[in-house]
Amino acid sequence: MQSLRQPDRASDAPLPPGHGAALALLALIGRPVWIYDVDRARMTWANPAGLAFWGADSVEALCARDFNPEGRGTAARLENLRRALEQGGCRDERWTFYPGGQPTMRDCRLSGVQLADGRTGLLVDAGESTAEAGDFTYELRAIEAVRQSPLMISLMSEGGHWLMHNPAAEALIARLGLANIPNYDNYLALFAVPDEARALRAKAIAKGHAQATLRLCGKALRMHDVLMRAVRDPVSGRLSLMISQQDVTRSHRLEQRLHKALARERAVTETQRLFLSVTSHDFRTPLTIIDGAARRIGRLAEKGSTVAERAETIRATARRMVEAVDRTLGWASIAEGKVAFRPEPADLRALAAKALEGQRALHPDRVFTAAFGDVPLLNLDAGLIERSLDNLLSNAVKYSPPGEPVDLRCARRGRRVELSVSDHGIGVPQADVKRLFTRFFRAANTKGTKGTGIGLNAVKFYTEMHGGKVSVRSVEGEGAMFTLSFPAG
């Protein structure tokens, strides 16, 4: 018979000698029967009914076709099936085939058969389907979606006996070398820490669902996100558990690295904090001595004398260094989120006037103007507000020409109190305005001027601690106005 001729090409993996009698018998039955080479995704033989099923004129024509599975789930299902049948026996499964592009369901009996080179192929006896595809279209699509899913989906009994795996889950079980042993909790054997897996199952049974990240068994690190739901087995009606698993090993490793990096960063930050604290103390002590000595010299000197003026200059410089130390500690506290906040009723105008006088002492040649309206007392941390104003005023001086004035305004605007600092200097480029209060950011036109990019970030942080807001209006080359706005209560 033409249909019993063996392919001549070795690449078609013909059957070894000795199968002739069996093939002759299979050629006589009316059901489609064929042999499939899983590795090469090719047919190696079919009986006449099989050739008719696939619409092939001959075995050679059928063997020349490409039968590569279109979906990864189907490929995994075939590989799992071949691996299982290498141990002997057979399996009954329902498959959907696509001869001529049309879906056809068949209840198949599948068994392993040795190919010419010793590998195992699949002998498929495709019987008639017990139902038409249209009778349960939705169920068919749902089953196919589960089969094709990269998620590892399994159904198990309450006691841990596996009832079903999709191809991805079956491949996992095979890779781990596990088996479905009767009267044994096979579920617990899947994980490296059985107690964690047992707790997850108990929670799912009690609450209906549970989720956890668990490590799989074996020496290699494999972490899976495991989602478990309590369901009823549609066959037995007993309580069962549907499990879906997703490999998150890579993200778990990245997370562990991140935790280590954060721990190192915290250690470095703590070291820096201790260093700043100790250094600040070491600076404060001699600065206090210098200030005290300069104050005594100033008292002994005649008023208006050169000695008195120099003594006051020394004291002003010492105060500036103390303020610099305080600012440094303040920036470090912001980074750690440990800024001390002690608000109490205070007059914002008085705080602004004090900050303005400090700048006038530092820059006696600079013109400062001030306008203060009637404002209510506000709950303010005086130290934080003074630091904010010192920063805004010193920036106004730094980024504007010596002959231009710096303006300070404080007034009530409806339910808010606003305090603004204006200059007539270089301004802020429009493209940089949105990032101006970001830590370490400096506008593009400030290159060549000393600065750290920390001050405005600190101003924003301190203002928001009071429930306020900071904003800026600027035109490059014409100046900038920074406004602190606080709720009036």
Side-chain angles (χ1 to χ4, degrees), residues 265-344 346 350-366 368 380-399 402 406 439-440 442 446 448-459 461-462 465:
E265 180 67 20
R266 290 192 186 100
V268 171
T269 301
E270 180 63 16
T271 302
Q272 291 174 340
R273 188 191 67 80
L274 291 173
F275 172 78
L276 286 172
S277 178
V278 172
T279 304
S280 299
H281 180 269
D282 290 344
F283 271 116
R284 279 178 174 276
T285 301
L287 288 172
T288 302
I289 295 172
I290 293 171
D291 182 60
R295 185 172 61 252
R296 287 192 295 272
I297 293 172
R299 288 175 181 173
L300 295 173
E302 294 182 6
K303 290 184 178 181
S305 66
T306 303
V307 173
E309 291 177 358
R310 290 182 178 178
E312 185 56 34
T313 301
I314 292 172
R315 294 197 65 195
T317 304
R319 286 196 296 271
R320 289 183 63 187
M321 293 187 70
V322 170
E323 291 170 0
V325 170
D326 289 340
R327 284 197 299 270
T328 303
L329 289 175
W331 296 331
S333 298
I334 291 174
E336 297 172 21
K338 298 179 180 179
V339 176
F341 183 55
R342 302 183 183 89
E344 58 184 11
L351 296 177
K354 181 180 178 182
L356 194 60
E357 287 305 315
Q359 291 297 320
R360 281 173 173 158
L362 294 173
H363 308 285
D365 297 331
R366 175 71 69 165
F368 293 91
L380 304 173
D381 185 312
L384 299 184
I385 296 299
E386 287 178 9
R387 290 182 196 174
S388 299
L389 290 175
D390 284 342
N391 182 273
L392 295 179
L393 290 167
S394 62
N395 279 354
V397 171
K398 184 191 302 184
Y399 296 116
V406 173
R439 194 179 184 197
F440 300 126
R442 302 191 69 208
T446 61
T449 305
K450 291 183 179 180
T452 61
I454 298 177
L456 289 178
N457 176 257
V459 171
F461 187 88
Y462 295 150
M465 287 184 73

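- Distance CZ/Phe461 to CG/Leu456: 15.0 Å, rounded to 0.5 Å.
- The CG atom of Leu380 sits 5.0 Å away from the CD1 atom of Ile385 when rounded to the nearest 0.5 Å.
- Under the side chain to side chain contact (heavy atoms under 4.5 Å, CB included) criterion, Ala311 pairs with Ile297, sequence neighbours left out.
- Every residue meeting the side-chain hydrogen bond (donor to acceptor under 3.5 Å, both in side chains) condition with Asn395, not counting sequence neighbours, appears here in chain and number order: Asn391.
- Taking CG of Leu287 as the start and CZ of Arg315 as the end, the distance is 12.5 Å to the nearest 0.5 Å.
- Every residue two or more places apart in sequence or in another chain was checked for a salt bridge (charged side-chain N to carboxylate O under 4.0 Å, His left out) with Glu309, and none qualifies.
- The salt bridge (charged side-chain N to carboxylate O under 4.0 Å, His left out) check on Arg366 picks up nothing, with sequence neighbours excluded.
- Taking 4.0 Å as the cut-off between side-chain N and carboxylate O, Arg342 and Asp381 do not count as a salt-bridged pair.
- Scanning both residues, Ala355 and Leu389, for their nearest heavy atoms gives CB-CB, 3.8 Å.
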Donor-acceptor list for residues 356-363 side chains, cut-off 3.5 Å, not counting sequence neighbours:
| unit_1 | atom_1 | unit_2 | atom_2 | d |
| --- | --- | --- | --- | --- |
| Glu357 | OE2 | Arg360 | NH1 | 2.8 |
| Arg360 | NH2 | Phe368 | O | 3.2 |

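- Minimum heavy-atom separation, Gly304 to Ala308: N-CB, 4.3 Å.
- With rounding to the nearest 0.5 angstrom, the OG1 atom of Thr446 is 5.0 Å from the OH atom of Tyr399.
- Arg299 pairs by the side chain to side chain contact (heavy atoms under 4.5 Å, CB included) definition with Arg295, not counting sequence neighbours.
- In this structure, CG on Leu392 lies 14.5 Å from CZ on Arg387, to the nearest 0.5 angstrom.
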